[in-house]
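Quick notes on the structure that follows.
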Amino acid sequence: MTARDLIAMSFGNLWRMKLRSALTIAGVVIGIAALVSMMSFGAGLQKNVAESFEAMELFSTLKVLPRPQTQSSGPDTATYRTLDSTAIRQLSQIPGVKSVWPEQVFQVRAKLGEKGANTSVQALPAEAGQWKVFRTLKAGRFFASDTVREAVLQRELLKRLGLTDPDSALGREITLITAKVNLAAVWGGAMGVKGLNPFAEARYTFTISGVLESTMSEYQPRDLIIPIGAAQQMEYLSFSSPFELLNQVTRGAGGGYSSLTLRIAHSRDHDAVRDSIDALGYNTFSFADMFAEARRALMIFDAALGVVGFIALVVASLGIANTLVMSIMERYREIGILKSLGADDRDVRRLFLAESAVIGFLGSVLGLVFGWIITRIAQAIAGYFMAREGVPRMELFDLPWWLISLAIVFGVGVSLLAGLYPSRRATKVDPVQALRHD
Amino acid sequence: MSQTQDNITLLTASSLARHYRFGSSLVKALDGVDLDVRRGEFLGIVGASGSGKSTLLNLLGGLDTPTAGAIRTAEGDLNRMNPRRLARYRATEVGMIFQSFNLVPHRSALGNVELALYFLDVPLRRRRALAAEMLTRVGLADRLEHRPADLSGGEQQRVAIARALVKNPALLLADEPTGNLDRDATHMIGDILADWNRGGGTVIMVTHNLDLARARAHRVLRMDYGRFVAEDLSAGGLE
């Protein structure tokens with residue numbers, strides 16, 4: 001019996017029992033739809049994280065941090081290998097490293113005309129203009145060099161500064177006000193002079209060169225991006241702990257940076273570069289490793305969602321088994337006829353397995369369509385609430401090829417398992433009994 | 001009556017027995033049957049209900065396995081064949097027809113005849129052509145797409161004969177083929193079987209109808225209580 005004959009016979013048999021077949025297939029449809037809609041939510045989360053990593057080129061980025069080096073004399077006397085310009089030079093020379101720059105994120109008060117807003121500034125090299133996230137700006141362009149006094153703003157910040165049209169912001173001047181340490185006042189205070197303010201403000205003017213569309217991602221640029229060289233000429237205070245503040249105050253005396261960002265030319269060099277940095281005595285933080293961990297967590301989340309669909313599919317498989325057992329009873333004589341005409345046990349088994357596979361396949365395909373419709377409805381509802389809350393639109397679901405294939409393989413596989421017992425039972429039909437005239 | 005039978009033995013059954021156990025009682029449906037069937041022979045077997053005729057046909061057709069004894073054919077000893085070879089034997093060597101026709105109700109006449117060629121891996125188009133040709137030969141050219149329920153008893157049995165003969169088997173086993181038919185239909189079925197036999201086919205027909213057996217068969221045997229009780233009841237033989 002050829003595969004074509006088997007499939008044609010299976011379709012024919014299912015078609016004859018339309019209502020029963022439809023109800024059985026509906027069970028599979030519900031199972032697969034639940035599986036697909038649940039897992040496509042997990043896949044959507046994973047895709048969003050991966051995309052935001054890719055947009056910021058984090059897969060080829062390492063963060064270099066100072067490593068505590070315990071000395072032999074005295075307790076709690078850890079020292080750090082300084083992340084200074086020497087360290088930047090040293091790290092740049094590691095084979096496979098494309099560029100190194102200090103991590104500079106600090107708070108400023110931005111002023112555009114009369115309007116002002118507190119925001120955080122991120123200093124990046126001009127090469128970041130090649131990153132996916134900066135390649136297509138909402139308006140304007142990325143800054144052209146590391147030293148030019150130009151800035152790229154997130155659209156959200158622009159709105160806070162009273163501008164809704166991104167194009168109208170281009171070329172306008174924005175003032176960044178930073179807090180700095182007034183060393184004279186500090187020393188004066190130390191000398192007993194009262195009323196001196198240890199902090200002072202510094203003002204820097206930048207021209208807006210580009211506006212970036214805000215996205216709803218954890219890994220996205222800060223609200224205001226300026227060139228790294230321009231940032232190095234600025235005085236500012238930024239600290240997450242008093243020790244960092246101390247470090248910054250003494251930077252002039254070789255305090256160094258709190259961390260460096262390092263770009264790798266090819267992600268295949270990732271591990272080798274990380275080992276070289278380690279050998280130089282620095283700690284590293286790898287975004288690729290972080291993503292791998294996040295991915296593992298998401299896979300567990302995905303699997304947990306998949307269980308719901310799986311349970312629905314198991315219930316559907318009972319329906320398939322029931323349908324096929326009923327079918328054997330009804331086709332008892334037909335099985336006898338087939339055997340008298342030369343069908344062996346394998347032919348009979350294949351016939352019933354083909355029927356369960358057809359149920360599984362049809363159920364899976366329809367389940368995929370149904371599951372996709374569910375995700376579109378859920379997306380539309382979520383999109384409505386996101387828009388109402390002013391949150392940038394985000395695609396919550398993803399239906400990648402692997403999920404489509406998995407759903408079909410799973411649907412057909414579970415159906416085949418459900419067909420095992422009935423098909424075995426069909427082979428046990430005694431042709432003599434089946435053909436005995438009534 | 002056919003003159004084409006030769007002296008080549010098509011199958012030999014020796015000391016064939018088929019016993020069934022129902023609780024504590026043993027039913028000997030077939031109890032030590034010896035039989036030689038020559039190629040081209042038309043053998044009639046008559047006997048009362050429960051005499052073991054159908055059991056014998058089921059064993060010769062490879063549908064059932066004997067409790068004791070052997071059936072030797074050109075393909076080998078049926079007892080020693082594994083289930084797959086036995087299925088192959090049924091697919092290629094044997095055609096069977098039954099009193100209750102045993103047609104698949106949801107398939108057309110053409111579809112029913114085609115079924116016999118499914119297990120011989122005949123391609124679809126050839127299968128259709130052979131089935132249509134065979135149905136035409138049994139006079140059902142205008143009934144190809146009719147389902148069994150739309151056919152008369154005689155027509156249904158002709159479909160069953162077409163299904164049995166479409167694969168050109170070495171042996172046709174007919175189990176009460178006219179048991180459910182009127183006189184005209186009985187006559188027509190007898191003609192078809194005799195025609196096929198004249199073409200060289202071997203037929204074993206089990207029937208209650210001694211007249212039919214005498215009219216068509218070269219040799220007629222009577223069975224009773226699972227044994228042959230008379231050597232030859234045919235028109236030329238002893239009663």
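All values below were derived from every heavy atom in this structure, side-chain atoms included, with hydrogens, water molecules and symmetry-related copies excluded.
In F370(A), the CZ atom is not crowded: 12 or fewer heavy atoms of neighbouring residues, nucleotides or ligands sit closer than 6.0 Å. Crowding of R295(A) atom CZ: a count of heavy atoms from other residues, nucleotides or ligands under 6.0 Å not exceeding 12. Heavy-atom contacts from other residues, nucleotides or ligands closer than 6.0 Å to NE2 of H187(B) number 12 or fewer. Around the CH2 atom of W15(A), the shell of radius 6.0 Å holds no more than 12 heavy atoms that belong to other residues, nucleotides or ligands. More than 12 heavy atoms of other residues, nucleotides or ligands shown are found within 6.0 angstrom of CZ on R376(A). Within 6.0 Å of the CE atom in M188(B), the count of heavy atoms belonging to other residues, nucleotides or ligands does not exceed 12. Heavy atoms from other residues, nucleotides or ligands lying under 6.0 Å from CZ of F228(B) number more than 12. For CZ of F59(A), the number of neighbouring non-hydrogen atoms (other residues, nucleotides, ligands) closer than 6.0 Å is greater than 12.
Looking only at side-chain heavy atoms (C-beta outward), R163(B) and I337(A) come within less than 4.5 Å of each other.
The line from CG of L341(A) to CE of M96(B) is 10.0 Å long, rounded to the nearest 0.5 Å. Note that the CD atom of E334(A) and the CG atom of L115(B) stand 7.5 Å from one another [nearest 0.5 Å]. One finds the CG atom of N102(B) at 4.5 Å from the CZ atom of R333(A) (value rounded to the nearest 0.5 Å). Remark: L124(B) CG to D5(A) CG distance equals 7.0 Å, nearest 0.5 Å. Distance check: D344(A) CG to F119(B) CZ gives 8.5 Å after rounding to the nearest 0.5 Å. Between the CG atom in D64(B) and the CG atom in L435(A) there is a gap of 11.5 Å [rounded to 0.5 Å].
Proximity to chain A is limited to the side chain of R127(B), based on heavy atoms less than 4.5 angstrom apart. Proximity to chain A (any heavy atom under 4.5 Å) is restricted, for F98(B), to the side chain, taken from C-beta onward. For R331(A), no part lies under 4.5 angstrom from a heavy atom of chain B.
Of the residues considered (D347(A), N13(A), D345(A)), D347(A) shows the highest number of contacts with chain B, using heavy-atom pairs under 4.5 Å.
When all heavy atoms of R90(B) and K339(A) are compared, the closest pair comes out as NE-O, 2.7 Å.
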